[in-house]
Structures are given as C-alpha cells and as structure tokens.
Amino acid sequence: MFAFADEAATLSGKASVIDGDNLKVGVALVRLHGIDAPETGQLCERPDLPSWHCDEAAVNRLVELAEGRFTICSLLEVDPYGRLVATCEVKGIQLGPTLVKEGLAWAFSKYSQDYVPFEQAARRSGLGIWHNGAEPQTPADYRADRWARAAAASPREGCPIKGNIARNGERIYHAPWSKYYSRTKIDEAAGERWFCDEAEAASEGWRPARSR
C-alpha cells in the first residue's frame, strides 16, 4: 500500500455509495478505513430470528448518512486495488465508526485496531449483526468461500473475476461476491476477460461493480 506523506491530505465532494464500505467521492473511489461491512448477498444468522439481509442494512444506512451529501475524507493510503483508504465524515458524523457502533459492520482488525472498542460495545449491546449473541460469518470468510467456489468453476483456472464491458463501453469487474456476478457472461471475443485478482483488474482500468 502507498501511504500519504501529508497527514493533512483530504478529499471532499458529493458521495455516491457503492456498497457498505466503499464510496465514490467526486471521481475518486474511497474505501472506508477500519471497517468491513457485509458483502452483497450476505445474510447474517440470528439465534432466535430468521436470517436477515445485513448486507442491505449496511448499504441502506450508509446511503442514509452519505448519499448525495458533501463528504470530507482524510486520506490515509492507497490500497492494492487503487482505492483511497480514508476516514470520511458528513456534517461531523464519522461514517465508518457509525456503522461499527450500530452493529452494521465489523472492525477490520486485520488492518486497524481503531474501531475494535466500538465493535465490542455493539456486541455487548446486541446491536445489528450481534443480535442476541449472534456470531455471523465474517465478510472475509464469506468472500473466501465465494472465491473458492467461483475459482473452481472458472474457465481460467484460479481466476474467477469477470471483466464485463457495459453497453456504454465502461469496463466493470465483478468479484464472486458482486451482486450481478452469476448473471454476468463473459465474451472474450468482444474484449471481455477474466482476472485473477482485483488489483490486476484495477491496474488495467476496470472499476468494481456497484451493489446498488
């Protein structure tokens, strides 16, 4: 990853929500620092209630907080997929911490311990994904499971990411957990292709698919 030398580096503009932890601010793709929200299509199990669409709950809350609103992001680094990793706020409300505090995202402790106390508090209160002591599958495990199954079925062994060209010519890649992955067909003769990882797709100018 590339870290910004200037700790005061910021980005601002109207936000467009991509999924539970990714935004487009202006023309830039931004990954919210320190959180991992449920992936598109991911259900969360609860001990005493039916499974629920925690993926949609996270996205809907982020839309409520940020969609179309002036958003200020403090830039931390660039991830391997070309996204700006940042803390972002709207009218003083920090987006990432809010989702974790409300039980709609995990603290992404693999990369940062910043929001672990917020996750622990949400667990104790049984909020959102932690309802009544629930221990739902983490987004990381969900991604790994979807990846393994898609990689085994891919015509390019071990390379399950679909690079699709939209009608307007925009190049979009679909990871195995993307909303339209199963219905996306690849026509290599038309310039569409398979990728082995997201960094490869991003480095060649393909953008991630939106969940909404």
Side-chain angles (χ1 to χ4, degrees), residues 1 17-24 29-47 49-66 76-77 79-88 94-123 126-151 160-162 173-182 195-199 201-202 207-212:
M1 295 186 180
V17 173
I18 296 174
D19 57 26
D21 46 33
N22 287 278
L23 304 166
K24 190 173 183 180
L29 291 176
V30 176
R31 175 69 162 83
L32 291 176
H33 163 73
I35 78 168
D36 202 12
E39 292 292 346
T40 302
Q42 183 175 355
L43 299 177
C44 291
E45 296 181 356
R46 298 180 288 189
L49 294 170
S51 298
W52 64 296
H53 278 282
C54 52
D55 60 334
E56 294 178 1
V59 171
N60 291 341
R61 181 57 172 141
L62 191 54
V63 166
E64 183 179 282
L65 291 168
L76 302 175
E77 59 191 357
D79 74 7
Y81 316 126
R83 299 173 300 190
L84 302 176
V85 179
T87 59
C88 298
Q94 290 285 339
L95 303 181
T98 296
L99 291 177
V100 177
K101 289 176 180 178
E102 295 179 359
L104 295 175
W106 283 254
F108 212 169
S109 57
K110 177 180 178 180
Y111 297 105
S112 171
Q113 297 294 308
D114 288 353
Y115 306 145
V116 169
F118 299 149
E119 179 184 305
Q120 292 172 339
R123 282 173 176 263
L127 300 178
I129 55 179
W130 312 116
H131 175 79
N132 202 22
E135 287 290 342
Q137 183 182 39
T138 67
D141 287 343
Y142 179 82
R143 290 191 294 268
D145 177 64
R146 295 295 291 264
W147 181 276
R149 286 186 285 149
I161 294 178
K162 298 178 179 181
Y173 72 82
H174 298 259
W177 46 87
S178 298
K179 184 175 183 178
Y180 301 111
Y181 183 84
S182 62
F195 292 101
C196 300
D197 58 54
E198 290 187 80
R207 72 155 176 85
R210 296 176 180 272
S211 67
R212 50 183 298 276

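Using cut-offs of 30° and 60° for the angle between ring planes, the Trp130 and Trp106 rings count as perpendicular. Using cut-offs of 30° and 60° for the angle between ring planes, the Phe108 and Tyr111 rings count as perpendicular.
At a threshold of 4.5 Å between non-hydrogen side-chain atoms, the residues Pro208 and Asn22 do not count as touching. Residues Glu64 and Asn60 form no side-chain contact, since every pair of their non-hydrogen atoms from C-beta on lies 4.5 Å or further apart. Looking only at side-chain heavy atoms (C-beta outward), Asp19 and Lys179 stay at 4.5 Å or farther from each other. Between Glu45 and Ser51, the closest side-chain pair of non-hydrogen atoms falls below 4.5 Å. Side chains of Val63 and Val59 form a contact here, defined as non-hydrogen atoms less than 4.5 Å apart. With a 4.5 Å cut-off on side-chain heavy atoms, Arg83 and Leu29 count as touching. The closest side-chain heavy-atom distance from Pro139 to Trp177 is not below 4.5 Å. Using a 4.5 Å heavy-atom cutoff, the side chains of Ile161 and Trp147 are in contact.
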Candidate pair Tyr180 and Ser178, rule side-chain contact (heavy atoms from CB on, under 4.5 Å), full reasoning: CA-CA 6 Å; Tyr180 301 111; Ser178 298; over 6 Å; no
Derivation and outcome, salt bridge (charged side-chain N to carboxylate O under 4.0 Å, His left out), residues Asp36 and Arg31: CA-CA 10 Å; Asp36 202 12; Arg31 175 69 162 83; 3.4 Å; yes
Stepwise side-chain contact (heavy atoms from CB on, under 4.5 Å) test for Glu135 and Arg123: CA-CA 9 Å; Glu135 287 290 342; Arg123 282 173 176 263; 2.7 Å; yes
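Of the possible donor and acceptor atoms, none in the side chain of Gln137 sits under 3.5 Å from a partner among the backbone N and O of Gln42. Lys24 places no side-chain N or O within donor-acceptor distance of the main-chain N or O of Ile18, the cut-off being under 3.5 Å.
Expressed to the nearest 0.5 Å, how far CD of Glu77 lies from NE2 of His33 amounts to 8.5 Å. Between Asp55 atom CG and Ile129 atom CD1 the span is 12.0 Å, to the nearest 0.5 Å. From Glu102, atom CD reaches atom CG of Leu127 across 8.5 Å, with rounding to the nearest 0.5 Å. Taken to the nearest 0.5 Å, the NE2 atom of His174 stands 10.5 Å off from the OG atom of Ser182.
For the pair Tyr173 and Ala202, the tightest heavy-atom approach, listed with the atom from each and the gap, is CE2-N, 4.4 Å. The heavy-atom pair separating Ala58 from Leu99 by the smallest distance is O-CD2, 4.1 Å. Contact record, Gly96 with Ile35: O-CG2, 3.6 Å, taken as the closest heavy-atom pair. Heavy atoms only, all atoms of each residue included: Ala122 and Lys101 are closest at CB-O, 3.7 Å. In plain terms, the two heavy atoms of Thr87 and Gln94 that are nearest each other are CB-OE1, 3.9 Å. The minimum heavy-atom distance linking Asp21 with Leu62 is given by the pair N-CD2, 4.3 Å.
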